[in-house]
Amino acid sequence: MSELPATPALAAALLRLRVAVDAPQHSGIAAPLDYLSERPLAPGTLLQVPLGKRELLAIVWDPAQEGDQGQVLPAEQLRQVGPALDALPPLNEAWRRLLEFAAGYYQRSIGELALSVLPPQLRELDGKQLQGRLKKLAKLRTEADASAIEASAVPELSVAQAEALQRIDTLMQTDAAPPPLLLYGVTGSGKTEVYLRAAEHALAQGRQVLVLVPEINLTPQLEARFAERFAGRHIVSLHSGLTPAQRLRHWLAAHLGEADLVLGTRLAVFASMPRLGLIAVDEEHDPSYKQQDGARYSARDLAVYRARLERVPVILGSATPSLESWQHANAGRYQRLALPARIGGGAMPRVRLFDMNSLPRNKGVTTAISAPLLHALRQRVERGEQSLVFLNRRGYAPVLHCGECNWKSDCPNCSAWRVFHKEDRTLRCHHCGVAERVPRACPSCGNLDIAPLGRGTERLEEQLAEMLQGVLRPDGGPARVARIDADSTKLKGSLESQLGAVHAGEVDVLVGTQMVTKGHDFRRITLVAAVNPDAALFSSDFRAPERLFSLLMQAAGRAGRDAAQAAQSEMWVQTWHPQHALYQALLAHDFERFAASQLAERESAGLPPFAHLALLRAEARTPEVAEAFLKAAAEAAAGLSTAAQLLVYPPVPMSMARVANVERMQMLLESASRPALQALLRAWLPELQQLKREHRGLLRWAIDVDPLAI
DNA sequence: AGCACGCCGACT
DNA sequence: GTCGGCGTGCTC
């Protein structure tokens, strides 16, 4: 099957097919390849093809168009396709257009992207095995129908919710592509209810609904909420935490049109859904929607593109929208729907800024918890209420330090400190993973007196337990402090069990990283404290303030969701810069003011959303090699046609310049015109492939379109 | 990416 | 003599 056709006459008798194969970008195979087939195969059909010495899973792509460039090989030089998986319906036109756009926009080959978003297990199945899976799936389906349960009661809508829904309904009726909807409402204002109702309407019209969430952690609870409302409907999840068999099963259910609702993380934006009728992107501002390796796509942006392509409504929901989406709404390209109040009359917690400058400075060591905050924590424990202390840094201390010779626990492989983890007495690098037992004495001078510098959640938990010793709950028991972060939840199911303990009231003071600020609904928390958030104010990352504001708003949203307690709930922020505009806006819960000031800064600095960015990154054993490659790349770019509309900055080391002994440099490209930037990247890519060959010692290069950080 | 081919050092 | 080191280059 995979041999070359024996004669030119035979070759001429076969059909020519374009096939997208899974070849990585640096292979130089960007476009689909030509093969021969004895019978016609519809575009979107999965099949095996020979490539070199291998047999790969690939996808029949659309025939070449008139204007397509690239040389056409004579039929005698083409190989024949292998067996097709034609038990599976072909991936439809809309899906192919989505992939074609995404591959082009993020500068990857179609096949590479397409195969990376299909369930990995498809690669291992032949036609017969696939038929078996499909049969099993059909059987499961009939069993599920028999066990339908009663749907839960539907709550009444607030005026704002009803109005939002009315607008969505109108958009669902129209035939043209509706504008994206920006659903803007604080935590607890009932955004999820709007998704549920909009989904209900789409389902009633016989359509499928796609709901995206930023993190795997958030899928189970959202799934539970949808399952409760839509009993009897077929709901599946799609994320990388599924077993290969589950992922295939769920994907097939979506692709065959059997699943009514698909809930998932960013990769679910590529789910094949033949009856798609609505897309919702929850917490649309969340950075997790941007893929950080391989094809660096933004699932939120692709959701918007997909909705336009399929002429279905897309709802972007957030209490703190991304400045990109906010600006689109300002310009009238997105329709803004505001949910101004919390459901049930609950108020947002009162924000209090605690000025750290007012503390006596002569102690030399600053305390993590100021006396007034400690007092507030004490009071909550004594009243039987819960508190959340938020510190976005895990481990015991970020660095270990020798007071004698000034040694610090740097990582031998990275330009970063190794973090002191007291629990297992290790020094661990959070970037390359290298771990080592904590030395007894300074490795440099032998001094025994080495001390942790700064603090992470582990140390904060320890200090809080100490500070709250002797404080009693109303039932006479001692105060209980617990911690939730990436270290405490490494084991499967441990996040759920720890959250369960908090919900059950078995914890009085919860210490956590941003992990606990996302989505989890803690009914009894009346105090949220951010202990040391200032670092982001002075970060070189232009999006750091936006992220901090959203994180603090989200953390504040953890408090007072129970209306009975809302009146007395508070958010404390300990800061050295209480006058900073970010904190002043937070004080007033005023996202709009914050967004306006940030947008003004971005505009004057020529940053997104007023300019479009792309990064070229290079990795090598030495910074010189990486830099030389980038400089050559800049020269090549200058010679290309759209270069005039483009600004190419000099190469600089990445903020984490060395990871695992690899030196990393990057170069920023900026343009006011997205098409000009896109055109340049397209023309640049072949030149970069050539340059890679000329620059010995260059390990890898990559393009990041619309990077999150520069 | 795989998987060839290719051209130089220490082993049965 | 040849086993294998990983540099270089190709895959319709």
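Letters go in sequence order (proteins before strands), and every chain restarts at 1.
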(message) Between P on B/dC3 and CD on A/E55, what's the gap in Å once rounded to a whole number?
(response) 12 Å
(request) Take the protein atom NZ of A/K692 and the nucleotide atom C1' of C/dG7, then report the distance between them rounded to whole Å. (result) 11 Å
(message) Whole angstroms only, please: what is the NE2-C1' distance between A/H695 and C/dT8?
(response) 17 Å
(request) Determine, for A/D62 against A/R96, whether the closest basic-nitrogen to carboxylate-oxygen distance falls under 4.0 angstrom. (result) yes
(request) Scan residues 76-104 of chain A for pairs that pass ring-ring contact (aromatic ring centres under 6.0 Å, His included), counting only residues two or more places apart or in two chains. (result) A/F101-A/Y105, A/F101-A/Y305
(request) Go through the steps to decide whether A/K290 and A/D704 satisfy the test salt bridge (Lys or Arg N to Asp or Glu O under 4.0 Å), and finish with yes or no. (result) CA-CA 10 Å; A/K290 183 90 200 288; A/D704 188 351; 2.6 Å; yes
(request) Kindly say whether A/M656 contributes a backbone atom to a donor-acceptor pair with the side chain of A/R664 at under 3.5 angstrom? (result) yes
(request) Report the distance from atom CG of A/L699 to atom P of C/dT8, rounded to the nearest whole Å. (result) 13 Å
(request) Check whether the side chains of A/S325 and A/E284 place a donor and an acceptor atom closer than 3.5 Å, and report yes or no. (result) yes
(message) With a 6.0 Å cut-off on the ring centroids, do A/Y297 and A/Y289 count as close?
(response) no
Could you run down the sub-3.5 Å N/O contacts of the protein with nucleotides 9-12 of chain C?
residue : atom : partner : partner atom : Å
C/dT11  : O3'  : A/G52   : N            : 3.0
C/dT11  : O4   : A/S27   : O            : 3.2
C/dC12  : OP1  : A/P50   : O            : 3.2
C/dC12  : OP2  : A/R79   : NH1          : 2.9
C/dC12  : O3'  : A/D34   : O            : 2.6
C/dC12  : O3'  : A/R79   : N            : 3.1
C/dC12  : O2   : A/D34   : N            : 3.1

